[in-house]
Engineer: 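The structure that follows is given in the form of structure tokens.
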Amino acid sequence: MAIKVYSSLSRVKEVFEPIHDGWVGIYVCGPTVYDWTHLGHARTYIAFDAIVRWLEYRGYRVFYVQNITDVGHLTEAGEDKVVGRAIREKVEPMALVEFYMREYFRDMDVLGVRRPDVSPRATGHIIDMIEVIKRLIEKGYAYEVDGNVFFDVSRFPDYGKLSRVKLEDMIAGARIDVHPGKRDPRDFALWKKAGEDYPLKWVSPWGYGFPGWHIECTVMAMRYLGEQIDIHGGALDLIFPHHENEIAQAEAFTGRKPFVKYWMHTGLLTVNGEKMAKSLGNYVRIRDVLDKFSPAAVRLFILSTHYRSQLDYREEKLVEAEANVKRLMNSLTRLEEAKVERASDKPASSEERRILEELYRLSSVFDESMDDDFNTAEAVSFLFEICRAVNKLVDLPSINRAILSEAETIFKGKLRVLGLPDTPSRREVSSKLVEALIDIIIDVRNEARKRKDYATADEIRRRLASIGVKLEDLPGKTIWRIEEAI
RNA sequence: GCCGGGGUGGCUGAGAGGCGUAGGCGGCGGGCUGCAGACCCGCAUCACAGGGGUUCGAAUCCCCUCCCCGGCUCCA
């Protein structure tokens, strides 16, 4: 029953034991809101959404913090992303931020990603950052050069423990911004000096400027979760330098180790086998995917692969996920129908008891999968088996009420924990009036069927299908659902 | 150059020494049905890149080879 979590730091699965009994603090690096959110964001945030849901399902109180980066995130050329874009579009930087932040939340809401408990913004924590930077200078971990402040990597011997990047290799390999004032090319900026007419700057002990990217997460994580936190997550590409630098800042500042007990990283998303990159022009916006596919299909697509694996986006896979969602939703419709039509108080038959036993078993292996480093991919396979068992049960001519209710609890519970819809879709687009009307039409059609007037019956079915209402004749009963709203 | 992750049946994609030939899709056959759909059951020369090795036993561990993808630079 213990949860196991793969830690990027130790590179093995560890038994999950939060620092405070029964309470989990989790920080996930949020987006820099200067552009539309893409499928990679969806991947990461849906994965962590499922993780948070699972921890709660297992009885933990979870406090989830995910930042909004609205300053300090620089491009390769050393330009602040938000500022650069705002200047090009001739808008106030914070208006740009506001726009994309709202769109981000909208996308996440549609995808059923529950909002974090706190969504702190970097610009709202400049004072905290300045305080931490001051302290780092006092402790000798940072130094000022002409209005810039750098972290002195040589003072932090653990540097590289997360990414396993060796300092020598860094110097040899990558392009590093060699600011003239840096003592060592590996040192990174905590505070950057801003020119006179720079639109986004704050006053500090070192003059006007703005914070570096890495310091915001360290500061906000500590502010809301304490000096040591249980889980810190993000996508794989943040390990170096972002998370490496966060560790250096936090542990240097507090003198306490470790800053983070479990580092969790999601695998990256590729598109048709290639990495997703602006330069390749293959960015897939969440918005565009949702134009074609249901949110549930997107979630199922993402959760069908383990969160640490690389995930390749291809449209056919979404088509398949959509079909799978339909399978699950069909089953829910049948369950609803069985509840009102065929629930009985007769003692359970041996067949019913067999199915119930099977459901209990599947429920428990589902849970084991999730406990094992949140293996949603394996859990999904059991979800489909639960679905099949439910179908078998509701196919029976009469079903023991208690068993039916147990089946419903199990099935819906698993759907919910994965953030999938647990009610048949027709509820969302119909109304009492629509339902009553369709029931009348169905009655008329069934009268025709009794008369063996199949031409009329088929015509009614065809015309209903053409407006998105799908009929299904079951023994003694016709059920319907809305496939695509007109 | 330095670090990772992979190569599994027609496709997709879990599993990481025996404990379910995962699951889904597609295909075929059967059941149910007026038909259709949905659903249920069964089947597929029962697959794990190639070559060695360890083991009573390997898709899973070790070694070698080939191929793919990613990180090291802004990125979720």
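This one's a predicted model, so the numbers in the text were calculated from it and none came from an experiment.
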Engineer: Could you tell me whether A/D35 and A/K81 make a salt bridge, using a distance below 4.0 angstrom between a side-chain N and a carboxylate O?
Structural biologist: no
Engineer: Closer than 4.0 angstrom, basic N to acidic O: yes or no for A/D107 and A/R285?
Structural biologist: no
Engineer: Of the options B/G37, B/G34, B/A76, whose atoms approach the side-chain atoms of A/R461 most closely?
Structural biologist: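 Of all the options, the side chain of A/R461 is nearest to B/G34.
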Engineer: Any donor-acceptor pair under 3.5 Å linking the side-chain atoms of A/S364 with those of A/D367?
Structural biologist: no
Engineer: From the set B/A76, B/A36, B/C72, return the single nucleotide nearest to any side-chain atom of A/D473.
Structural biologist: B/A36
Engineer: For a quick check of understanding: with a heavy-atom distance under 4.0 Å over all strands, which category does A/N375 fall into, base, sugar-phosphate or nothing?
Structural biologist: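 Here A/N375 touches the backbone only, sparing every base.
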Engineer: Look through every strand shown and name the nucleotide pairing with B/C74 as Watson-Crick or G-U wobble, where both distances are under 3.5 Å.
Structural biologist: none
Engineer: Looking for any heavy atom pair under 4.0 Å, which part of the strands does A/E385 touch: base, sugar-phosphate only, or nothing?
Structural biologist: base
Engineer: Would you kindly give the CD1-to-C1' distance between A/I442 and B/A36, to the nearest whole Å?
Structural biologist: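 Distance, rounded to whole Å: 15 Å.
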Engineer: Is the cationic atom of A/R186 (NZ for Lys, CZ for Arg) positioned less than 6.0 Å from the six-membered ring centroid of A/Y159 and within 45 degrees of its normal?
Structural biologist: no
Engineer: Among B/A36, B/G37, B/G4, which nucleotide sits nearest the side chain of A/R11?
Structural biologist: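 Output: B/G4.
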Engineer: Paired with B/C48 by Watson-Crick or G-U wobble geometry, both distances under 3.5 Å: which nucleotide is it?
Structural biologist: none
Engineer: Between B/C74, B/C41, B/G37, spot the one nearest the side chain of A/L474, thanks.
Structural biologist: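 For the A/L474 side chain, the nearest candidate turns out to be B/G37.
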Engineer: Starting the side chain at C-beta, find the nucleotide from B/G13, B/C35, B/C25 nearest to A/N324.
Structural biologist: B/C25
Engineer: Would the base of B/G15 count as contacting A/E378 through its side chain, where contact means a donor and an acceptor less than 3.5 Å apart?
Structural biologist: no
Engineer: With respect to the phosphate group of B/A38, does any side-chain polar atom (N or O) of A/R481 fall under 4.0 Å of OP1 or OP2?
Structural biologist: no
Engineer: Classify the nucleic acid contact of A/R308 as base, sugar-phosphate or nothing, counting any heavy atom under 4.0 Å across all strands shown.
Structural biologist: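 Nothing, no heavy atom under 4.0 Å.
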Engineer: Choosing from B/C39, B/A38, B/G70, which nucleotide comes nearest the side chain of A/K275?
Structural biologist: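 Among the listed nucleotides, the one closest to the side chain of A/K275 is B/G70.
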Engineer: What contact category does A/T305 fall into here, base, sugar-phosphate, or nothing, at under 4.0 angstrom with non-hydrogen atoms?
Structural biologist: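 Sugar-phosphate, backbone atoms only, no base.
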Engineer: Looking at B/G37, does its base get a donor-acceptor pair with the side chain of A/N330 below 3.5 Å?
Structural biologist: no
Engineer: Measure from the side-chain heavy atoms of A/R334 and tell me the nearest of B/A14, B/C39, B/G70.
Structural biologist: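 Of B/A14, B/C39, B/G70, B/C39 is nearest to the side chain of A/R334.
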Engineer: Look at all strands and tell whether A/L236 reaches a base, only sugar-phosphate, or nothing, counting heavy atoms closer than 4.0 Å.
Structural biologist: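 Since no nucleic acid heavy atom lies under 4.0 Å of A/L236, the category is nothing.
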Engineer: From the set B/C35, B/G70, B/A76, return the single nucleotide nearest to any side-chain atom of A/D458.
Structural biologist: B/C35
Engineer: May I ask you to check whether A/H125 and A/Y224 place their ring centers less than 6.0 Å from one another?
Structural biologist: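 Here the rings of A/Y224 and A/H125 have centres that are less than 6.0 Å from each other.
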Engineer: Can you find an N or O donor on one side and an acceptor on the other, under 3.5 Å apart, linking the side chain of A/Q310 with the base of B/G70?
Structural biologist: no
Engineer: Can you tell me if A/S304 touches the phosphate of B/G23, counting only side-chain N or O atoms and a distance under 4.0 Å to OP1 or OP2?
Structural biologist: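 So the side chain of A/S304 is outside the cut-off, no N or O lying under 4.0 Å from OP1 or OP2 of B/G23.
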Engineer: For B/C41, take OP1 and OP2 only and decide whether either is under 4.0 Å from a side-chain N or O of A/K392.
Structural biologist: yes
Engineer: Return no unless some side-chain N or O of A/R327 is found under 4.0 Å from OP1 or OP2 of B/C39.
Structural biologist: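 Indeed, a polar side-chain atom of A/R327 lies that close.
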Engineer: Going by modelled atom types, is there a donor-acceptor pair between the base of B/G26 and the side chain of A/E320 at under 3.5 Å?
Structural biologist: no
Engineer: Considering Watson-Crick and G-U wobble pairs with both distances under 3.5 Å, what does B/C28 pair with?
Structural biologist: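 The base-pairing partner of B/C28, which may sit in any strand shown, is B/G42.
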Engineer: Under 3.5 Å, is there a donor on one side chain and an acceptor on the other for A/R461 and A/Y454?
Structural biologist: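 Short answer, no.
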Engineer: Looking across every strand, which nucleic acid part, if any, lies under 4.0 Å from A/R361 by heavy atom: base, sugar-phosphate, or nothing?
Structural biologist: base
Engineer: Across the strands shown, which category fits A/Y454 at heavy-atom distances under 4.0 angstrom: base, sugar-phosphate, nothing?
Structural biologist: base
Engineer: A/K326 or A/T266: which one's nearest nucleotide on RNA chain B is closer to the 5' end?
Structural biologist: A/K326
Engineer: Under a 3.5 Å limit for both distances, which nucleotide forms a Watson-Crick or G-U wobble pair with B/C56, could you say?
Structural biologist: B/G18
Engineer: Does a nitrogen or oxygen in the side chain of A/K317 sit under 4.0 Å from OP1 or OP2 of B/C25?
Structural biologist: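 Indeed not, no polar side-chain atom of A/K317 lies that close.
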Engineer: Check this for me, if you would: do A/D80 and A/K192 make a salt bridge, where the nitrogen-to-carboxylate-oxygen distance has to be below 4.0 angstrom?
Structural biologist: no
Engineer: NA contact type, A/R285, heavy-atom cut-off 4.0 Å: base, sugar-phosphate, or nothing?
Structural biologist: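 Nothing: the residue A/R285, judged by heavy atoms under 4.0 Å, touches no strand.
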